[in-house]
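Numbering starts at 1 and runs along the sequence shown.
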Amino acid sequence: SNVLRMSSGIQIKPKTAVQKSKTSSPLPCSPEPALKPQPKPSDKLNPKTIDPFGAHSRPPSAFAAIYAKGGIPCRLVHGSVKHRLQWECLPETVPFDPLLVTLAEGLRETKHPYTFVSKEGFKELLMVEGATEKAIPLLPRLVPVLKAALAHLDDEVFGRGLDALVQLSAVVGPSLNDHLKHLLTNLSRRLMDKKFREKITVALQKLEQYGGKVSWPDDYSVICIFECNFA
């Protein structure tokens with residue numbers, strides 16, 4: 001009976017919650033340092049690109065917004081040798097108003113594929129049959145847009161604007177003469193830069209060829225341009 005009383009008097013105390021937490025709680029892990037992604041060698045070969053269809057992409061301009069919404073009826077096709085445009089419909093059937101003006105506004109873009117689409121789209125649209133009759137009524141709206149491209153600080157934007165001006169002159173001919181006075185000041189400023197001097201000189205010769213000698217307005221900017229070239 002004593003043994004029973006002794007054994008009955010033994011009490012086993014269960015572990016408390018504090019003791020359980022001390023034995024079972026794992027040690028806190030130190031966070032691993034974040035690894036910075038290393039640039040790929042191919043990044044230097046690819047142009048600055050933006051995804052117009054990305055969920056978090058914010059269109060930086062009106063042209064980018066129109067392109068993202070499908071308002072430009074052509075898309076860039078990457079080729080093994082060079083890129084090209086694929087039109088959703090024949091360019092001959094596309095209304096010039098407002099597409100030609102929109103493409104001209106895209107000349108001020110600095111990211112791919114906007115740069116290629118605007119430049120090639122503007123050129124190919126002016127090559128369709130009947131482009132002269134369709135482009136002449138848009139000159140009052142096209143010239144200020146081209147003027148903005150020629151005044152841009154980015155050299156590539158200026159080059160695209162100059163090419164577009166020559167292409168437009170080849171299509172509309174003397175109809176552009178009355179608008180040249182708004183463009184020649186920007187050309188005269190860039191003429192001081194040696195890397196553009198030859199290209200601008202050739203462009204002026206083509207403008208005179210397409211518009212005729214009477215195309216030059218009698219203002220000071222034109223006099224400065226020819227004095228710089230032939231002094």
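- The aromatic rings of F116 and H83 sit perpendicular to each other, their planes meeting at more than 60°, with 30° as the lower class boundary.
- Side-chain contact between Y67 and P113 is present, with heavy atoms from C-beta onward closer than 4.5 Å.
- The distance from atom CD of E88 to atom SG of C74, rounded to the nearest 0.5 Å, is 8.0 Å.
- Contact detail for L183 and L165: the closest heavy-atom pair is CD1-CD1, 3.4 Å.
- Side-chain heavy atoms closer than 4.5 Å link hydrophobic residues (I, L, V, M, F, W, Y) into clusters, and following such links, even through other members, never connects Y210 to L150.
- V128 is not connected to V166 by any chain of hydrophobic side-chain contacts under 4.5 Å among Ile, Leu, Val, Met, Phe, Trp and Tyr, and they are in different clusters.
- Remark: T132 OG1 to K134 NZ distance equals 10.5 Å, nearest 0.5 Å.
- Across all their heavy atoms, L126 and L100 have their closest contact at CD2-CD2, 4.0 Å.
- Distance check, rounded to the nearest 0.5 Å: CZ of R141 to CG of L146 gives 13.0 Å.
- D163 has a carboxylate O that lies under 4.0 Å from a charged side-chain N of K199, or vice versa, which qualifies the two as a salt bridge.
- More than 12 heavy atoms of other residues, nucleotides or ligands sit less than 6.0 Å from atom CD of E92.
- Residues A64 and E109 come closest through the heavy atom pair N-OE2, 4.1 Å.
- Relative orientation of the H182 and H179 rings is tilted, given thresholds of 30° and 60° on the angle between their planes.
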Point to revise | L180/V143 under side-chain contact (heavy atoms from CB on, under 4.5 Å): CA gap, chis, key distance, verdict | key: CA-CA 8 Å; L180 287 177; V143 170; over 6 Å; no

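- Closest approach of L142 and A135 over heavy atoms only: CD1-O, 4.3 Å.
- Note on F158: it clusters hydrophobically with M192, by side-chain heavy-atom contacts below 4.5 Å among ILVMFWY residues.
- Rounded to the nearest 0.5 Å, atoms CD1 (I136) and CG (L176) are 10.0 Å apart.
- Applying the salt bridge (Lys or Arg N to Asp or Glu O under 4.0 Å) test to pairs two or more places apart or on separate chains, those with a residue in residues 115-125 are E120-K123.
- Here CZ of R189 is found 14.0 Å from CG of D193. Values are rounded to the nearest 0.5 Å.
- In summary, of the residues considered (N186, L184, T201), a side-chain contact (heavy atoms from CB on, under 4.5 Å) with L191 occurs for T201 alone.
- Side-chain contact check for L162 versus L187: some heavy-atom pair is nearer than 4.5 Å.
- Residues V101 and V145 share a closest heavy-atom pair of CG1-CG2, 4.4 Å.
- The pair D155-R190 meets the salt-bridge criterion, since a charged nitrogen lies less than 4.0 angstrom from a carboxylate oxygen.
- Taking a 6.0 Å sphere around CD of E129, one finds it holds 12 or fewer heavy atoms contributed by other residues, nucleotides or ligands.
- Summarising the geometry, atom CG belonging to L204 is positioned 9.5 Å from atom OG belonging to S188; distances are rounded to the nearest 0.5 Å.
- Figure legend: cation-pi geometry between R160 and F122 absent, as NZ or CZ is not positioned both under 6.0 Å from the six-membered ring centre and within 45° of its axis.
- D154 places a side-chain N or O within donor-acceptor distance of the main-chain N or O of V157, the cut-off being under 3.5 Å.
- Closest approach of G121 and L85 over heavy atoms only: N-CD1, 3.3 Å.
- A distance-only check finds a donor-acceptor pair linking the side chain of S118 to the backbone of Y114 [under 3.5 Å].
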Check your understanding: Would H152 and L107 count as a side-chain contact (heavy atoms from CB on, under 4.5 Å) if you check the C-alpha gap in whole Å, the side-chain angles of each, and the deciding distance to 0.1 Å?
Key -> CA-CA 10 Å; H152 204 282; L107 297 172; over 6 Å; no

